[in-house]
Trainee: 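The structure under discussion is supplied below as structure tokens; questions concerning it will follow.
Just the heavy atoms: all of them, side chains too, but no hydrogens, waters or symmetry mates, feed the values below.
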Amino acid sequence: MNRTPRAAAITLAAALAATVGLADPAWAASYSAPLQTAVAALPVATEIRTGYSRDLFPHWIDADGDGCNTRNEVLLAEAVTAPTISGTCTLSGGRWYSYYDNAYWTATGDVDIDHMVPLAEAWDSGARNWSTSRRQAYANDLGDSRPLVAVTDNVNQSKGDQDPATWMPSYSSARCRYINEWVATKTRWRLTVDTAEKNALTSWANSCPNVTISVTYAF
């Protein structure tokens with residue numbers, strides 16, 4: 001089976017986004033700023049869980065019709081040892097690194113695909129006002145490498161729908177990367193943060209390297 005690298009999808013998404021919204025700064029195609037500035041720019045709003053259901057975020061679709069759904073696309077992209085693909089995108093023989101807990105896995109069943117900003121958190125932060133098609137795009141976002149990440153299954157389950165105010169990776173060396181990717185995802189999808197989340201992000205941003213956060217907005 002011929003594979004289209006995830007990087008190509010990211011490049012295509014960036015190219016398409018660059019063709020729209022340039023005249024209005026509020027709808028610019030991209031955003032780039034130091035971490036501390038990016039955190040400060042996140043809008044604060046009260047989170048609202050009313051009406052949430054995972055079914056409102058159709059996920060693990062096969063967007064390009066190649067037989068591999070979003071979950072397997074991420075596994076293929078993030079494998080440190082490439083798996084063999086057989087049948088209807090059955091993966092075997094690969095190896096994956098979970099940066100949340102500094103662990104390696106060789107069985108796909110030991111790896112979950114984590115939504116960096118969980119679906120419930122996204123709903124609370126603005127996705128409740130989106131169309132179902134936009135929520136589907138969010139839940140299957142292969143246009144950026146950060147919103148979906150392969151991690152140890154029970155670590156993903158322990159995270160649940162928590163934000164950085166109440167959950168951070170157990171592996172201390174992973175935490176600044178985690179904050180960067182959380183902020184990038186919230187920025188990419190123009191999601192809000194609540195006060196406790198903003199305070200936690202600000203504290204982490206002040207203690208992590210002030211690296212540049214660059215995103216192409218999702219439209």
Side-chain angles (χ1 to χ4, degrees), residues 6 47 49 52-63 68-125 127 135-142 144-186 188-189 191 193-194 196-197 199-201 203-205 207-208:
R6 190 178 185 185
E47 294 186 351
R49 181 64 59 93
Y52 169 71
S53 168
R54 285 181 64 86
D55 293 340
L56 296 172
F57 293 81
H59 55 288
W60 303 167
I61 64 170
D62 179 9
C68 294
N69 65 17
T70 302
R71 169 182 163 80
N72 280 351
E73 295 283 7
V74 177
L75 289 173
L76 287 165
E78 296 195 3
V80 295
T81 300
T84 298
I85 308 170
S86 61
T88 55
C89 203
T90 298
L91 308 183
S92 60
R95 188 165 181 255
W96 290 269
Y97 176 67
S98 169
Y99 87 83
Y100 288 6
D101 54 338
N102 193 33
Y104 286 90
W105 301 99
T106 56
T108 58
D110 290 327
V111 180
D112 280 354
I113 306 304
D114 181 33
H115 289 93
M116 172 58 57
V117 175
L119 301 181
E121 169 69 19
W123 175 270
D124 298 351
S125 306
R135 287 192 291 266
Q136 176 175 290
Y138 176 83
N140 298 275
D141 187 5
L142 296 174
D144 188 293
S145 63
R146 294 164 290 194
L148 298 173
V149 58
V151 299
T152 303
D153 56 354
N154 61 358
V155 173
N156 182 44
Q157 291 156 21
S158 74
K159 172 184 172 180
D161 60 8
Q162 298 178 83
D163 68 35
T166 55
W167 189 91
M168 288 291 289
S170 59
Y171 182 47
S172 60
S173 295
R175 292 170 184 167
C176 287
R177 174 181 172 182
Y178 185 79
I179 289 298
N180 294 344
E181 296 188 351
W182 183 278
V183 172
T185 302
K186 284 247 166 167
R188 172 170 165 77
W189 286 91
L191 294 169
V193 294
D194 64 22
E197 180 185 356
N199 290 341
L201 292 173
S203 177
W204 278 105
S207 62
C208 289

Trainee: Would you name the heavy atoms of Gly160 and Pro118 that are closest together and state the gap between them?
Mentor: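 Smallest heavy-atom distance, with atoms named: O-CG, 3.5 Å.
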Trainee: How many angstroms lie between CD in Glu73 and SG in Cys89, if you round to the nearest 0.5 Å?
Mentor: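 Those atoms lie 6.5 Å apart.
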Trainee: Quick one: CG on Asp112 to CG on Leu148, what's the gap to the nearest 0.5 Å?
Mentor: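 One finds 12.0 Å between CG of Asp112 and CG of Leu148.
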Trainee: A side-chain contact here means heavy atoms from C-beta on lying under 4.5 Å apart; do Asp144 and Met116 qualify?
Mentor: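 They are not in contact (no side-chain heavy atoms under 4.5 Å apart), so the answer is no.
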Trainee: Which atom pair, heavy atoms only, marks the closest approach of Ala103 to Thr152?
Mentor: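 Taking every non-hydrogen atom into account, CB-OG1, 4.0 Å.
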Trainee: Write down the atom of Pro83, the atom of Leu76, and the distance for their closest heavy-atom approach.
Mentor: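 Pro83 and Leu76 have their closest heavy atoms at CG-CD2, 3.8 Å.
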Trainee: Please report the closest heavy-atom contact between Gln162 and Ser158, naming both atoms and the distance.
Mentor: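 Nearest pair, atom of Gln162 first, then Ser158: NE2-O, 3.1 Å.
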Trainee: Is there side-chain contact between Pro58 and Trp60, with at least one heavy-atom pair below 4.5 Å?
Mentor: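 No - every pair of side-chain heavy atoms lies 4.5 Å or more apart.
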Trainee: Side chains of Thr81 and Trp96: does their closest heavy-atom pair fall under 4.5 Å?
Mentor: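 No, their side chains stay 4.5 Å or more apart.
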Trainee: Taking side chain as C-beta onward, heavy atoms only, is Thr84 less than 4.5 Å from Leu91?
Mentor: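 Of all side-chain heavy-atom pairs linking Leu91 with Thr84, none is under 4.5 Å.
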Trainee: Please list, chain by chain and in numerical order, all residues satisfying side chain to side chain donor-acceptor pair (under 3.5 Å) with Trp204, sequence neighbours excluded.
Mentor: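 Scan of Trp204 (side chain to side chain donor-acceptor pair (under 3.5 Å), adjacent residues dropped) gives none.
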Trainee: Ring pair (Phe, Tyr, Trp, His ring centres under 6.0 Å) between Tyr171 and Tyr99: does it pass, once the steps are laid out?
Mentor: CA-CA 8 Å; Tyr171 182 47; Tyr99 87 83; 8.8 Å; no
Trainee: Less than 4.0 angstrom from a charged side-chain N to a carboxylate O is my criterion; do Lys159 and Glu121 meet it?
Mentor: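 Salt bridge: no.
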Trainee: With a 3.5 Å distance limit and no angle check, can you tell me whether Arg135 reaches the backbone of Leu56 through a side-chain donor-acceptor pair?
Mentor: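 Yes, because the side chain of Arg135 sits within donor-acceptor range (under 3.5 Å) of the backbone of Leu56.
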Trainee: Mind telling me whether Phe57 and Tyr52 have parallel, tilted or perpendicular rings, with 30° and 60° as the class edges?
Mentor: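 Ring orientation of Tyr52 relative to Phe57: tilted.
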Trainee: Decide yes or no for Asp141 and Arg188: does some side-chain heavy atom of the first lie under 4.5 Å from some side-chain heavy atom of the second?
Mentor: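 Answer yes - side chains close enough.
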Trainee: So Trp105 and Asp153, side chain to side chain donor-acceptor pair (under 3.5 Å) or not? Walk me through it.
Mentor: CA-CA 10 Å; Trp105 301 99; Asp153 56 354; over 6 Å; no
Trainee: How long is the straight-line distance from OG of Ser98 back to CG of Asn156, given to the nearest 0.5 Å?
Mentor: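 So the gap between those two atoms works out to 9.0 Å.
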Trainee: Under 3.5 Å, is there a donor-acceptor pair between the side chain of Thr185 and the main chain of Glu181?
Mentor: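 Yes, Thr185 side chain to Glu181 backbone: donor-acceptor pair under 3.5 Å.
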Trainee: From Asn72 CG over to Thr88 OG1, what is the distance, rounded to the nearest 0.5 angstrom?
Mentor: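 Reported to 0.5 Å precision, the distance equals 9.0 Å.
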Trainee: What verdict does the ring pair (Phe, Tyr, Trp, His ring centres under 6.0 Å) test give for Tyr138 and Trp123, after you've listed the backbone C-alpha separation in whole Å, the side-chain angles of each residue and the deciding distance to 0.1 Å?
Mentor: CA-CA 11 Å; Tyr138 176 83; Trp123 175 270; over 10 Å; no
Trainee: Looking at Ala150 and Val74, what are the two nearest heavy atoms and their distance?
Mentor: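 Minimum heavy-atom separation between Ala150 and Val74: N-CG1, 4.2 Å.
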Trainee: Under the criterion side-chain hydrogen bond (donor to acceptor under 3.5 Å, both in side chains), which of Arg71, Gln136, His115, Arg54 is the partner of His59?
Mentor: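 That would be Arg54.
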Trainee: Ala200 and Pro164: which non-hydrogen atoms are nearest, and at how many Å?
Mentor: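 Result for this residue pair: CB-O, 3.8 Å.
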Trainee: Using a 3.5 Å distance criterion without hydrogens, assess whether the side chain of Thr70 forms a donor-acceptor pair with backbone atoms of Ile61.
Mentor: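 A pair under 3.5 Å: yes.
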Trainee: Do Asp163 and Asp194 make a side-chain contact, defined as non-hydrogen atoms from C-beta onward lying under 4.5 Å apart?
Mentor: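 The answer is yes, as the side chains (C-beta and beyond) meet within the 4.5 Å cut-off.
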Trainee: Going by heavy atoms in the side chains, are Trp189 and Val117 under 4.5 Å from each other?
Mentor: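 Answer no - side chains too far apart.
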Trainee: Under the rule for side chain to side chain donor-acceptor pair (under 3.5 Å), what residues qualify as partners of Trp182, not counting sequence neighbours?
Mentor: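 So Trp182 forms a side chain to side chain donor-acceptor pair (under 3.5 Å) with Glu197.
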Trainee: For Ser170, does its backbone N or O pair with a side-chain atom of Arg175 as donor and acceptor, under 3.5 Å?
Mentor: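 Here the side-chain-to-backbone pair exists.
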